[in-house]
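So the structure is just underneath, and the comments pick up after that.
In listed order, ligands and their atoms are each counted from 1. Count residues from 1 along the sequence.
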Amino acid sequence: MSIKKNKLRNRFKKPVSAAFEKINSSIEFDKFLFNEDIEASIAHASMLGSQRIISVSDSNKIISGLKKIKSEIKNNKFKFDNQLEDIHMNIEYRLSEIIGDVAGKLHTARSRNDQVITDLKLWMKKDNVLISKKIKKLKNSLVKSANKNIEILLPGLTHFQSAQPISAGHYFMAYYEMFSRDTTRFGDSLKRLDENPLGVGALAGTNFSINRNKTTKTLGFKKPTRNSLDTVSDRDFVIDFLSSASLLSMHLSRIAEEVALYSSDLINLFKIGDQLMSSSSIMPQKRNPDGAELIRAKASIAIGNLSSMLNLMKSLPLTYSKDLQEDKILVTSTSETLHICLDCMIEIIDTLEINKKSAEKIISKTYINATELADWLVIKLNYTFRDAHSLTGKIVNFAEKKKLFLKDITLRDYKSFDQNIDKSLYDFLSIKKSVNNKQSYGGTAISQIKKMIAIARKEIKNEKY
Ligand code: ARG
């Protein structure tokens, strides 16, 4: 005999209203937890059996019923019902249809409050690993691009103005660093996720002699949580995830923005593969970087979800309140978005080509080597840097007026600024020299970048996933 659908409502005189059913039901956004719900229920039922809280034969009946439900859901043969509120009640109800009254024993010594966090944590642990794997793939693509393009020189920018020349390898490795920090952040979140909430009950613990260490082991958690009140009301792990995800999305949006800008025909520095471009419904010449633009845009979803979750938790009294049900909408929304963005960014980087000619042309029309001139005055003529900066400013002004660039100024004209300037300056002004002279640790000299690439490759190889 199956339990009645409204079994939990015996104290009420009226059935739920349509409006209340709609706001209260979460099945549409928590059914994704079915696998974890069944996994946790099996661990719970088996522990109840081995602790003799229920008989081993009842425990076995429950477990085989749960396994049947799992295959029904996987094969799309399961009917989800709004009236049953959430994934937990949907599964419990179906279990009662399959194995009868024994199903009613599954909820001994647990509450949906510990059940839902157990499910969510189990799911998030897996998702955390999937995301970390994708970050690793992206880092791999960046290192490959850095290596491939190491000899191409790009205008390095500050304030989006040409500043100093850099190697394209250095550029890609900058993003490698950002995403490496994301790896560590997700790794840290995973450690904090690794505590088993199952067994804290509704809020106070339980009268039954359960074994939390056993379910902890079965479910692959590191240890059980320590305070039942904190456990049922804690969603720090959700905020942790949404925050790591926001940072990662922000990084993705930065590189996406640059890809979109640099592949514009106005700049023409980057070209991404046709498979990642859209055209226009009216302008046949268009190559629009929609993928990059959408990655740029989707960061706002992750950031918004983080803000929503912080707002949801703010001022919430201990312990469980239904507010907490909304967390799953935010987690899945951010996770889905993140997976799409990572997949697309990996393809963008894998197909990205740099237009070397264009880079050279852009650089040649700037005063990007002005700092070299100032440094030369310091090194060769013993200027203080401030005096060198000031004289270089004057020389740049002069060049601008004469429509010249620094390498085109004659030695005679240079000497009019300082008699001691000699022709060794020209070599120092070369863009390639400028890059390769940046030998300081972490600088853009090719030899430095090669070292960093070697370190990165080792780091990637040693990553856990
Ligand atoms: N669907 C609920 C949620 O996601 C499960 C917990 C229900 N607990 C309760 N006390 N009503 O939060």
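The salt bridge (Lys or Arg N to Asp or Glu O under 4.0 Å) search around R212 returns none, not counting sequence neighbours. Residues passing the salt bridge (Lys or Arg N to Asp or Glu O under 4.0 Å) test with K121, sequence neighbours excluded: none.
Side-chain contact annotation: T231 with D114, donor-acceptor N/O pair under 3.5 Å absent.
Relative to the six-membered ring of F221, K125 meets both conditions, a distance below 6.0 Å and an angle of at most 45° to the axis.
For residues 444-465, the salt bridge (charged side-chain N to carboxylate O under 4.0 Å, His left out) pairs, not counting sequence neighbours, are K139-E463.
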Sub-3.5 Å pairs, protein N or O with ligand 1 N or O:
| unit_1 | atom_1 | unit_2 | atom_2 | d |
| --- | --- | --- | --- | --- |
| ligand 1 | 1 (N) | D86 | OD2 | 2.8 |
| ligand 1 | 1 (N) | Q325 | OE1 | 2.7 |
| ligand 1 | 4 (O) | K328 | NZ | 2.8 |
| ligand 1 | 8 (N) | N113 | OD1 | 2.8 |
| ligand 1 | 10 (N) | N113 | OD1 | 3.1 |
| ligand 1 | 12 (O) | Y320 | OH | 2.4 |

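A salt bridge links R185 and D182; the closest N-O separation between the charged side-chain nitrogens and carboxylate oxygens is under 4.0 Å.
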